[in-house]
Amino acid sequence: MPAPTPPPAELHGRILDWFDAHRRVLPWREEPSPWRVMVSEFMLQQTPVARVLPVFDAWLERWPAPADLAASPSGEAVRAWGRLGYPRRALRLHAAAVAIVERHEGRVPATYDELLELPGVGDYTAAAIASFAHGRRAVVLDTNVRRVFARVVEGVQFPAPGVVRAERDVAASLLPDDDPTAARWAAATMELGALVCTARSPRCEACPVAGLCRWRALGYPEHDGPPRRGQAWHGTDRQCRGRLLAVVRDAHEPVAPELMAAAWTDAPQRERCLDSLLDDGLLDVTPDGRFSLPA
DNA sequence: AACTCGTGGTT
DNA sequence: TAACCAAGAGT
């Protein structure tokens with residue numbers, strides 16, 4: 001027995017009107033060129049808006065087009081990425097810029113399928129660029145949209161760990177028919193999740209669809225199911241890799257192994273992480289055995 | 001499908 | 001303070 005779904009027209013009207021009144025002013029929205037949108041989407045993968053803003057501005061000033069980034073060493077992208085986290089994204093953005101020059105004459109492609117072929121572009125990012133940069137109809141399913149639909153439509157506190165078929169069907173069925181409205185809808189549902197229907201303490205008193213929300217109507221039932229696993233950090237390879245890469249990123253000449261050893265004392269783990277950083281292409285070794293960002 | 005991969009603000 | 005979690009992708 002499928003869940004009764006709120007009338008789409010009312011859902012659309014309320015959320016789109018709310019978006020027009022409350023949308024944030026963001027640099028990739030005010031001037032949504034495809035390259036700017038693409039850079040913002042890479043940076044925003046698992047990273048909050050506030051931390052992206054300054055890096056985004058510096059990045060676009062230095063590399064105003066894909067060809068500009070493609071012509072720079074990948075290590076420069078890693079350095080400019082700074083402390084945004086998950087630095088392999090910087091490498092993938094660089095590789096995507098190279099692919100755009102090689103396969104698309106230096107212009108960010110407009111179709112979901114072409115975008116999906118680019119390094120670092122998965123389902124979400126392909127849909128987001130197609131929608132926000134090119135105004136095309138696409139099912140944009142990020143963590144915000146998933147949470148909004150889980151609550152309003154399904155009546156549960158949190159979405160499943162991975163995107164489920166039924167969930168994609170719901171999102172597709174709610175997507176407005178025409179391109180421009182679908183694109184607004186994607187941005188609006190994301191914004192609602194980011195500003196109102198937040199994970200920890202949702203601001204239901206400010207929500208335009210509180211009266212249509214199934215989770216609210218059910219009395220806010222707590223998450224029921226397997227506990228959602230957190231992300232371990234202290235002592236992990238991620239922490240080790242982050243510390244090692246930071247040493248090289250903040251240096252302006254190749255770093256001697258002794259300095260790397262000072263940054264992480266557990267030798268087996270340090271060596272394992274150095275190997276993985278070299279393997280990922282985040283580090284290079286000079287002929288005399290020092291570590292640098294890749295050329 | 002489950003796991004890995006950074007960083008730092010918020011609670 | 002420790003836990004949570006943020007516009008995910010790749011394997």
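Values in this document were obtained by computation on a predicted structure and should not be read as measured data. In what follows, chains carry the letters A, B, and so on, assigned in the order in which the sequence lines appear, proteins first and then strands, with residues in each chain numbered from 1. Hydrogens, waters and symmetry mates play no part in the numbers below; they use all other heavy atoms, side chains included.
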Position toward the 5' end of DNA chain B (nearest nucleotide), A:Arg83 or A:Asp237:
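Nearest-nucleotide comparison on DNA chain B picks A:Asp237.
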
Mind calculating the distance between [atom1] ([X]) and [atom2] ([N]) to the nearest angstrom?
X: A:Leu282; N: B:dG6; atom1: CG; atom2: P; result: 7 Å
X: A:Trp233; N: B:dC5; atom1: CH2; atom2: P; result: 10 Å
X: A:Leu84; N: B:dC5; atom1: CG; atom2: P; result: 19 Å
X: A:Leu53; N: B:dG9; atom1: CG; atom2: P; result: 14 Å

Which whole number of Å gives the distance between the P atom of B:dG6 and that of C:dT11?
14 Å

Nearest-Å distance once atom P is located in both C:dA7 and B:dC5
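Pairwise P distance, C:dA7 against B:dC5, rounds to 23 Å.
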
Among residues at least two apart in sequence or on other chains, which ones pass side chain to side chain contact (heavy atoms under 4.5 Å, CB included) with A:Ala263?
A:Arg243, A:Leu244, A:Val247

Can you run down the side-chain hydrogen bond (donor to acceptor under 3.5 Å, both in side chains) pairs that involve residues 80-92 of chain A, sequence neighbours left out, and say none if there aren't any?
A:Thr47-A:Arg89

Can you list every pair that meets side-chain hydrogen bond (donor to acceptor under 3.5 Å, both in side chains) and has a residue in residues 55-70 of chain A, with sequence neighbours left out?
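Applying side-chain hydrogen bond (donor to acceptor under 3.5 Å, both in side chains) to every pair that reaches into residues 55-70 of chain A, excluding sequence neighbours, yields A:Arg62-A:Glu76, A:Trp63-A:Ser72.
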
B/S/- contact track for nucleotides 2-11 of chain C, protein heavy atom under 4.0 Å:
--BBBBBSS-

Contact between A:Asp123 and A:Tyr112 at the side-chain level, heavy atoms closer than 4.5 Å - yes or no?
yes

Heavy atoms under 4.0 Å, any strand shown: does A:Pro161 hit a base, just sugar-phosphate, or nothing?
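It contacts nothing in the nucleic acid.
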
ILVMFWY cluster membership beyond A:Trp215 - transitive side-chain contacts under 4.5 angstrom
A:Tyr220

Are OP1 or OP2 of B:dT7 and a side-chain N or O of A:Arg241 less than 4.0 angstrom apart?
no

Could I get the full list of salt bridge (charged side-chain N to carboxylate O under 4.0 Å, His left out) partners for A:Asp250, not counting sequence neighbours?
none

